[in-house]
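Each remark here refers to the structure printed beneath this line.
Naming convention: chains lettered A, B, ... in sequence-line order (proteins, then strands); numbering from 1 in each chain. Everything numeric in this text was worked out from a predicted model, so none of it was measured.
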Amino acid sequence: MIRLTDQAFDAGALLNDFCMGRIESGAVASFVGIARAEAGRAVALELEAYQGFTEAEIGRIADGARTRFGLDDALIVHRVGRIAPGEAIVFVATASRHRRAAFEGCDFLMDYLKSRAPFWKKEHGPDGARWVEPRPQDHTDVARWD
Amino acid sequence: MIRLTDQAFDAGALLNDFCMGRIESGAVASFVGIARAEAGRAVALELEAYQGFTEAEIGRIADGARTRFGLDDALIVHRVGRIAPGEAIVFVATASRHRRAAFEGCDFLMDYLKSRAPFWKKEHGPDGARWVEPRPQDHTDVARWD
Amino acid sequence: MARVLLFGRLSDVAGWRERTLDAGAGSIAAIRALLAAEDADLGEALVAPGVQVAVDQAIVRGDLVLNAASEVAFLPPMSGG
Amino acid sequence: MARVLLFGRLSDVAGWRERTLDAGAGSIAAIRALLAAEDADLGEALVAPGVQVAVDQAIVRGDLVLNAASEVAFLPPMSGG
């Protein structure tokens, strides 16, 4: 399931819901991306999505990941709007029979979200705002899966 | 932190506690291992540890992982005793500035726990019990880090 | 006619996020030309490296003749998570 | 004297988990011999592939002379998670 929200979310509750009732998925990998304070240089992040398109694009990638890694399930919850340091930006969870697939699926989805999913991210600091683009490492990370 | 418990635990609450107050660790990777029903062939798992030794061994490995992957923090909670299908056996969480280290640290710790940590695992089924040893895949997985 | 959407740094450059263009917006190239004629900075930003175009919520490469009431979105380099 | 602990399948084979051995338990080899003399199946299980030995909660390779009141644990192949 893919969900965009402009409200703070409870990653622990999402994880518990995602695990609940699983008696054949032995492995649930998850990831929480948290807005960093950057030692005061980041006052807030602002995340923009293209409503409809963003969910559909992520959904396509998540479906591909399910098949590619043999996942039983995947969940992606992503904030949009203004996010304070310490708040969760993204939660990704993957379930599979064994752990290798769950880890790889979660890792893959995060690499995709960081550099290829339709989001635009602005960092507001004490001296103004700047658009954040993927780091060279993010491009290297995502290229591992091509 | 390393904790063994003979009681069911709340993975979501552990995740939220682990994330709380982090304003410079942008990445929290986590893993929940769940007891599988194996389509009725597993009625319960029974996990045995060597009290004192098990915590100390895992602690040593976790300290090594902190240094090796540059983790800000790591948490391992592991069940002992009897575990029903669908219950969590293990929760591992790692925090770091960027996601690559958090994923790798979590992945590494799970590989270690599966095949090298001092636990002994018995699967109780309708026709009796059997000791579970690491699969060949588990040995392959952990050897990636040597 | 086309509804034009700008995302990320492009809407900062333009000072708007969404506009409807009437006459002469029959292709992506025509829209780029219309916008560049009005605002040279935006015209340049629209062809900067990594800017993609989506028509009716599908990424397109190269030019495309537009239907009436197309939605054309200009998408600078993406970053989520 | 030594306190002997068996884990996993070893305690199933022996029918016990913990015992104190008095006379003649001055080394790991001596403990193995004592236990094997009493219970051949256990003797065999203690030297099966992958069985490790911890003395006072530290893994040791090869034989070791034991202090009085040592804790000697026989550890079959491990699997957690």
Side-chain angles (χ1 to χ4, degrees), chain A residues 9-40 42 45 72 84-104 106-111 113-114 135 137-138 140-141 144, chain B residues 9-40 42 45 72 84-104 106-111 113-114 135 137-138 140-141 144:
Chain A
F9 60 79
D10 179 339
L14 292 172
L15 178 61
N16 282 347
D17 285 353
F18 188 75
C19 289
M20 188 166 307
R22 295 201 185 280
I23 56 168
E24 297 299 352
S25 297
V28 170
S30 69
F31 183 86
V32 184
I34 298 172
R36 287 194 304 269
E38 305 285 6
L45 276 184
D72 296 334
E87 288 184 356
I89 307 168
V90 62
F91 177 77
V92 173
T94 52
S96 63
R97 187 164 171 78
H98 293 295
R99 71 188 180 290
R100 193 86 262 103
F103 270 124
E104 290 185 353
C106 191
D107 197 1
F108 166 84
L109 288 170
M110 277 308 308
D111 282 347
L113 289 169
K114 274 283 175 178
R135 301 166 302 149
Q137 180 67 47
D138 292 321
T140 307
D141 286 347
R144 294 180 300 152
Chain B
F9 60 78
D10 178 340
L14 292 172
L15 178 61
N16 282 347
D17 286 353
F18 188 76
C19 289
M20 188 168 306
R22 296 200 184 279
I23 56 169
E24 295 299 353
S25 298
V28 170
S30 69
F31 183 86
V32 184
I34 298 172
R36 288 193 303 268
E38 306 285 6
L45 276 183
D72 296 334
E87 288 184 357
I89 306 167
V90 62
F91 177 78
V92 173
T94 52
S96 63
R97 188 165 171 76
H98 293 295
R99 71 191 180 288
R100 194 84 260 104
F103 270 124
E104 290 186 352
C106 192
D107 198 1
F108 166 83
L109 288 171
M110 277 309 306
D111 282 347
L113 289 169
K114 274 285 176 177
R135 301 167 300 150
Q137 180 68 46
D138 292 321
T140 307
D141 285 347
R144 295 181 299 153

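Contact count against chain A (heavy-atom pairs under 4.5 Å) is highest for B/Asp111 among B/Asp138, B/Thr94, B/Asp111, B/Asp10. Top candidate by heavy-atom pairs under 4.5 Å with chain A, chosen from B/Ala88, B/Ala35, B/Ala27, B/Pro85, is B/Ala27. Counting heavy-atom pairs closer than 4.5 Å to chain A, the top residue among B/Glu24, B/Glu38, B/Lys114 is B/Glu24. Interface check for chain B: of the options A/Ala95, A/Gly86, A/Ala13, the most heavy-atom pairs under 4.5 Å are formed by A/Gly86. The most heavy-atom pairs under 4.5 Å with chain B, out of A/Cys106, A/Ala93, A/Ala102, A/Ala42, come from A/Cys106. The greatest number of non-hydrogen atom pairs below 4.5 Å with chain A, out of B/Asp141, B/Val92, B/Leu15, B/Val32, is found for B/Val32. Of the residues considered (A/Met20, A/Glu87, A/Met110), A/Met110 shows the highest number of contacts with chain B, using heavy-atom pairs under 4.5 Å.
No side-chain heavy atom of A/Gln137 sits under 4.5 Å from any side-chain heavy atom of B/His98.
Between B/Phe103 and the options A/Phe103, A/Phe31, A/Phe108, a ring-ring contact (aromatic ring centres under 6.0 Å, His included) holds for only A/Phe31.
In terms of heavy atoms, B/Arg22 sits closest to A/Ile34 at O-CG2, 3.5 Å.
For A/Ala84, no part lies near chain B; criterion is any non-hydrogen pair under 4.5 Å.
With B/Arg36 contributing its side chain and A/Arg97 its backbone, the two residues share a donor-acceptor pair below 3.5 Å.
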